[in-house]
Peer 1: 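Dropping the structure in here first, questions after.
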Number of protein chains: 2
Amino acid sequence: MVAASRLDDSHDTGGAERVFLALRDRVVSGELKAGDRLPPERELALKFNVSRPILREALRSLAMLGFLEIIQGSGAYVRQPDIALVSDFLTFCMAQQPDVLDDIIQSRIAIECQAIRLACEKASEADLNRIAASLTSLLDTLEDPVLGGQADYEFHSGIVRASHSPALTTLYRALTPLLMQSHVSRRRIVPSGIRNFLVDAHKEVFLSIVDRKPDEAEKRLREHFAIGDEYRRKSLIAEFSKTLPNKQA
Amino acid sequence: MVAASRLDDSHDTGGAERVFLALRDRVVSGELKAGDRLPPERELALKFNVSRPILREALRSLAMLGFLEIIQGSGAYVRQPDIALVSDFLTFCMAQQPDVLDDIIQSRIAIECQAIRLACEKASEADLNRIAASLTSLLDTLEDPVLGGQADYEFHSGIVRASHSPALTTLYRALTPLLMQSHVSRRRIVPSGIRNFLVDAHKEVFLSIVDRKPDEAEKRLREHFAIGDEYRRKSLIAEFSKTLPNKQA
DNA sequence: TTTCTATATTGGTCATACCAATCTTCACCT
DNA sequence: AGGTGAAGATTGGTATGACCAATATAGAAA
């Protein structure tokens, strides 16, 4: 990974990159396991035939990627990188493209619709209780845009979690930062009087999971998303009809 | 990103990390755009009050992450990181967990089922032609496990591409490396005589897109996946019944 | 004006020295 | 004997200066 796609292998790269790739490969190949301690810098520098500053460039890079934890006076320890890094990186990559916020929702729908099917099979009692709890807190925070958005997120992430699929959960977590933005902004422009319908939609989705009916659950979830999308369009139009006359005046 | 989740902000970290975060933030905030050239190392070192080796640790780290391209004699240039890095990283992270290869398929199904719906709306003539082409090459490579697997992948990735959703495409690309493994291994154990059924399934899926029928397309795609899963289970059982007698003998 | 060469700029590397945090060891005291 | 604490060794953190190599720039020559 990391620049590996660019220079694949032994592209007579610089010393630092050579060391970086060598150590990285030892980690991904499992030769170096989490918790292992690397030899001292001075020793490694000799082993790789580079100076200590160069060796340190490689070590620091690995540390920034989460492959190493370097502790002064102690040593450099291998550690398993956290998914959170992927999340941040993905966020940045997607944020570069225009209109991502609209598009990211498609990924969200994709993950949730598959997750809810799995949830119908695998959801445990605890999963259902957690989702139910987020439903009630959804009711309690109808008036608060921030807390309401948070409850909304917990409901949906609860579904994903109930799928017991690490991969789906990982991807969903990766999307979460971008998701939060659209959540908040969407909820801000939804007419307050209509929120009750949204609550009912959540309830129906939840009940479908309880009944263990995958097709029905996905169908209701899609309707829920479609309704949300509908409201968003309407409020956009409403925004326009407010702003346009101002420009004419 | 990158260790940011661990130490969030200004955690009185070392000099290298301080510089790293500062420069990284300038990139993600858009202050530094792709193509921009950074000041010379010696100058930057002064600006950040660090020595050049330390400054270089930060620059090298950014380069390894794909944020910078460093050219000897010229300078360090900002560049937009490639998704491929995320892909590799995700691959590694997920590969650490046991039984991900089975689970990753769930994410694949999730993305494709949403993508095929969008494809029914947005697929262009070119998209359909591309998918059709992969269908014919699927027919031509029925006997070759490797080429056949590749054609299969191109068919499915063609669907995702036809969704015209950058986010879905990005995620799919991120899953691709892991997907290829399961693709190949799956195709290897599918009885050769039954592959024709799989080809027919692909055809039906394709025709549903041509007919612009989202529900039907997703339904057929899910059936296709279910059938593939079925075969996988059967061949696993077949494998067992082959190996078990050997142990007895 | 074009081309080429000398120079300046800039990244790449090295060696060394010193500081700071940690670890290890061992003498010392209870 | 066992705990305790301080001195030394180990190890990462940083700084300085020097030199090489690739590139860019400016000026001279055609």
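Just so we're on the same page: letters track the sequence lines, and every chain starts at 1. Values in this document were obtained by computation on a predicted structure and should not be read as measured data.
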Peer 1: Which heavy atom of A:Ile111 sits nearest a heavy atom of B:Ala110, and at what distance?
Peer 2: CA-CB, 4.2 Å

Peer 1: Within this structure, what is the CG-CZ distance for the pair B:Asp127 and B:Arg161, rounded to the nearest 0.5 Å?
Peer 2: 7.0 Å

Peer 1: Whole-Å distance between C:dA15 P and A:Glu41 CD?
Peer 2: 15 Å

Peer 1: Mind checking whether A:Thr170 and A:Arg173 have side chains closer than 4.5 Å, heavy atoms only?
Peer 2: no

Peer 1: Could you check whether any side-chain N or O of B:Arg37 sits under 3.5 Å from a backbone N or O of B:Ser74, counting only pairs where one atom can act as donor and the other as acceptor?
Peer 2: yes

Peer 1: How many whole angstroms separate atom CD of A:Glu17 from atom C1' of C:dT13?
Peer 2: 15 Å

Peer 1: Specify the separation, in whole Å, of atom OH of B:Tyr77 and atom C1' of C:dG11.
Peer 2: 11 Å

Peer 1: Without decimals, in angstroms, what is the distance between A:Glu57 CD and C:dT13 C1'?
Peer 2: 9 Å

Peer 1: Taking the nucleotide of DNA chain D with the nearest heavy atom to each, does A:Ile70 or A:Pro53 sit closer to the 5' end?
Peer 2: A:Ile70

Peer 1: Which comes earlier along DNA chain C counting from the 5' end, the contact point of A:Arg42 or that of B:Gly75, where each point is its nearest nucleotide?
Peer 2: B:Gly75

Peer 1: C:dC14 phosphate, OP1 or OP2: any side-chain N/O from A:Ser51 under 4.0 angstrom?
Peer 2: yes

Peer 1: Nearest whole Å is fine: how far is C:dT22 P from A:Arg37 CZ?
Peer 2: 14 Å

Peer 1: Taking atom C1' of C:dC14 as reference, at what distance in whole Å does atom CZ of A:Arg56 sit?
Peer 2: 15 Å

Peer 1: What's the CD1-C1' distance between A:Ile71 and C:dT22, to the nearest Å?
Peer 2: 10 Å

Peer 1: Grab the CG-C1' distance between B:Leu68 and C:dG11 for me, whole Å please.
Peer 2: 13 Å

Peer 1: Please confirm whether the shortest side-chain N or O distance from B:Arg60 to OP1 or OP2 of C:dT13 is below 4.0 Å.
Peer 2: yes

Peer 1: Looking at B:Arg52 and C:dG12, is any side-chain donor or acceptor paired with a base atom of the opposite kind under 3.5 Å?
Peer 2: yes

Peer 1: What range of DNA chain D does chain B touch, first nucleotide to last, counting atoms under 4.0 Å from its heavy atoms?
Peer 2: D:dT14 to D:dA24

Peer 1: Under a 3.5 Å distance rule, please check whether B:Ser163 uses its side chain to pair with a backbone N or O of B:Ile159 as donor and acceptor.
Peer 2: no

Peer 1: Please report the shortest heavy-atom distance between B:Leu68 and B:Arg79, naming the atom on each side.
Peer 2: C-CG, 4.1 Å

Peer 1: Classify the nucleic acid contact of A:Leu59 as base, sugar-phosphate or nothing, counting any heavy atom under 4.0 Å across all strands shown.
Peer 2: nothing

Peer 1: Sequence neighbours left out, what passes side-chain contact (heavy atoms from CB on, under 4.5 Å) with A:Ala174? Give chain and number order.
Peer 2: A:Ser87, A:Leu90

